[in-house]
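Everything numeric here is computed off the predicted structure, so don't read it as measured data.
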Amino acid sequence: MIRKYIFLFLAFCLLCPTFASAADRKLNVLLIISDDLCADLGCYGAPTITPNIDAFAKNGVRLDHIYCNYPLCGPSRCSFLSGLRPDTIGVIANGYPVRYKLKDVVTLPQNFRQHGYFVARAGKAYHLGIPFQVGTPGPDDPQSWDYAFNPKGNEYPSLDDGDQYDPNPKNQQSFRRNLLKDPEGKTQADYEIATETIRLLDEHQHADKPFFLVCGFIRPHMPEIAPKQYFDQYDINKIHLPDNPPNDRDDIPLCAFQYKAPDMGMTHEDCLQAKRGYYAVTSFMDHQFGRVLAEVDRLHLRDNTLIIFMSDHGYMLGQHQAWQKTQLWEECTRVPMIFSYPDMPHRDVGASGMAESVDLYPTICDLTSVPGPKVLEGMSFRPILENPAAPFKDAAYTQVNRKQIVGRSVHTLRYRYTEWDHGDQGTELYDLQTDPHEYTNLAKDPSQSATIQHLQSLLRAHEPAQEPKWIPGPPEVRVTP
């Protein structure tokens, strides 16, 4: 009788491969990317503007010292989704597809497709349409996806009224008027992206393949539009700007600033409104993040899913009277990144080791036991996820291109050193131990010559043999050999 039941059980397993292989099924992956989000979050010690992200951090490991390799959407995303540094992948401005230079690159999502995953994106993974058309695919990469969803939500509503998009935060009021017709934000892209991600989770939770889903939110990217209730959360009288010392900008090379005019020409009141707007749209994005995580929990997917929350780069909110991105200071280069997966040995802690966004690709492969290409330029930071107090890299590298001028920065746990045009346009050195806000440029201090020489040697080791050439023109046709 026992032999009969054993035979029936084995026959059932052979006829039901999904049941037989359930224990061997690889981890699902849910990669959630925010756009232009700095680490000014509660889980990083700042005021709480993202309660859902902060709650998620309590169930995972927060990376406290991870830096993007390029503080601009398109180049940063092409870098960490290819596992290659910006100079290697060749994308140094928005508008380029990931493989315009390296045609045979195997991207992170493509690699998981090749290893039997269902791979999809909802929203922004690579850069979206140019110029500023959220509903268009832009320089996407069809080889990366089994399915791709572009939201129809109008992120630039006043364009319908004939207005022009203006990147200056003080000129966003006209955009906000349109949100009065949509008090919950259901017509906005991030709401649609969350809804589509939820649908994909529902549809593929019991599919015969593991899934790799990218949920790419648009916010808090400009323009600063969100339902009125999110603005109402922040009293303008309680918004505080950075306490920049007098003459802070005097020892900084002019080319270090994305916009030359201090505070982009905004008044003090404009700056307060800009920061309030940034907080409002961040909280709106956080609410959509919370909707996705609630569905993850409803479906009990945390037991078999690697979940990552991250931003493509940081963002300046008035530090050095600078705003937005493409600048090489802490607030712009540091990214929030949180990992959560089954059987993590530590939770609700910060990993103190230094890492880079280019390390994301090999780390995800390592945690899921999915082989990655041998050409990846990052390295898995799994060791600091499993031992958050352990050291990791000695330095992180970030660059920006201002047409013919290239800025390159090396960041160690103690110092940041930056050269503009190999130093011909200026240099910066900050002792982060004594000057965490980078107010005092020590590059001309003779006592720092040995430190500068050491950091220069680190930069030289990561420079390409020949700088990529910047060719002016529309982003769609701009090329770099």
Side-chain angles (χ1 to χ4, degrees), residues 33-41 44-46 62-80 85-87 89 91-94 220-221 242 252-253 255-259 278 310-338 350-360 377-378 381 392-402 405-420 426-433 435-439 441 443 455 458-459 462-463:
I33 307 172
S34 181
D35 197 339
D36 286 14
L37 181 68
C38 65
D40 197 14
L41 309 175
Y44 281 90
R62 177 191 70 244
L63 281 86
D64 286 345
H65 297 286
I66 184 164
Y67 295 86
C68 70
N69 300 104
Y70 201 114
L72 181 64
C73 302
S76 177
R77 291 161 183 267
C78 285
S79 176
F80 68 71
R85 296 184 182 276
D87 287 322
I89 196 64
V91 177
I92 57 173
N94 287 337
H221 193 289
I252 300 174
C255 57
F257 298 95
Q258 179 187 17
Y259 297 100
Y278 184 86
M310 65 176 294
S311 178
D312 49 2
H313 50 76
Y315 203 80
M316 307 293 294
L317 291 170
Q319 299 87 357
H320 308 296
Q321 293 182 280
W323 293 80
Q324 301 186 17
K325 45 199 174 184
T326 66
Q327 293 160 115
L328 293 175
W329 295 297
E330 182 80 359
E331 296 83 7
C332 211
T333 60
R334 183 187 183 201
V335 297
M337 188 179 292
I338 305 163
S352 57
M354 177 83 65
E356 302 174 271
S357 294
V358 75
D359 300 324
L360 178 74
E377 292 182 317
F381 49 71
F392 190 55
K393 286 187 168 180
D394 293 331
Y397 300 87
T398 308
Q399 70 181 81
V400 295
N401 295 68
R402 304 212 191 288
I405 297 175
V406 182
R408 296 186 181 276
S409 186
V410 55
H411 188 300
T412 67
L413 285 175
R414 178 161 183 180
Y415 294 101
R416 175 186 298 280
Y417 175 71
T418 302
E419 290 186 349
W420 295 94
T427 56
E428 299 171 78
L429 173 68
Y430 303 101
D431 185 339
L432 303 174
Q433 190 175 87
D435 181 26
H437 299 294
E438 302 169 303
Y439 286 140
N441 183 1
L455 296 172
L458 295 179
L459 269 187
H462 280 78
E463 288 181 356

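The side-chain hydrogen bond (donor to acceptor under 3.5 Å, both in side chains) search around Q321 returns D263, not counting sequence neighbours. Applying the side-chain contact (heavy atoms from CB on, under 4.5 Å) rule to A443 yields the partners T427, L429, N441; only residues at least two apart in sequence or on another chain are considered.
When all heavy atoms of I92 and P86 are compared, the closest pair comes out as CG2-O, 4.5 Å. Across all non-hydrogen atoms, the minimal contact from L360 to M310 is CD2-SD, 3.6 Å. Of all heavy-atom pairs spanning P242 and Q319, the tightest one is CG-N, 3.6 Å. For the residue pair D312 and D36, the shortest heavy atom distance occurs at OD1-N, 3.0 Å.
A donor-acceptor pair under 3.5 Å is absent between the side-chain atoms of T398 and the main chain of S409, judged by distance alone. Checking side-chain atoms of D64 against main-chain N and O of S352 turns up no donor-acceptor pair under 3.5 Å. In this structure, the side chain of R402 engages the main chain of C255 through a donor-acceptor pair within 3.5 Å. Not one N or O on the side chain of T418 forms a donor-acceptor pair closer than 3.5 Å with the backbone of E428. Under a 3.5 Å cut-off, the side chain of N69 and the backbone N or O of V358 do form a donor-acceptor pair. A side-chain donor-acceptor contact under 3.5 Å links Q327 to the backbone of Q258. At least one donor-acceptor pair under 3.5 Å links the side chain of Y70 to the backbone N or O of N401.
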Practice prompt. Given side-chain contact (heavy atoms from CB on, under 4.5 Å), test Y415 with D431 step by step and report yes or no.
Written response: CA-CA 5 Å; Y415 294 101; D431 185 339; 3.9 Å; yes
* Tell me, with the steps shown, if T412 and Y417 meet side-chain contact (heavy atoms from CB on, under 4.5 Å). => CA-CA 9 Å; T412 67; Y417 175 71; over 6 Å; no
Under the criterion side chain to side chain donor-acceptor pair (under 3.5 Å), I'd like the reasoning laid out for Q399 against Y397: C-alpha separation, chi angles, the key distance, then a yes or no. CA-CA 7 Å; Q399 70 181 81; Y397 300 87; over 6 Å; no
Could you walk me through whether H320 and E438 pass the side chain to side chain donor-acceptor pair (under 3.5 Å) test, one step at a time? CA-CA 9 Å; H320 308 296; E438 302 169 303; 4.7 Å; no
Practice problem: Please step through side-chain contact (heavy atoms from CB on, under 4.5 Å) for the pair V400 and L328, ending with a clear verdict. | Solution: CA-CA 8 Å; V400 295; L328 293 175; 4.0 Å; yes
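Checked against the 6.0 Å centroid threshold, F257 and W329 count as a close aromatic pair.
For the atom pair NE2 (H313) and OG (S34), the distance works out to 9.5 Å, reported to the nearest 0.5 Å.
Comment: D87 engages R408 in a salt bridge, judged by a side-chain N to carboxylate O separation of less than 4.0 angstrom.
In this pair, Y315 and Y278 present their aromatic rings parallel. The plane angle is below 30°, not in the 30 to 60° band. Taking the six-membered ring for Trp and thresholds of 30 and 60 degrees, H437 and Y439 have ring planes inclined between 30 and 60 degrees apart.
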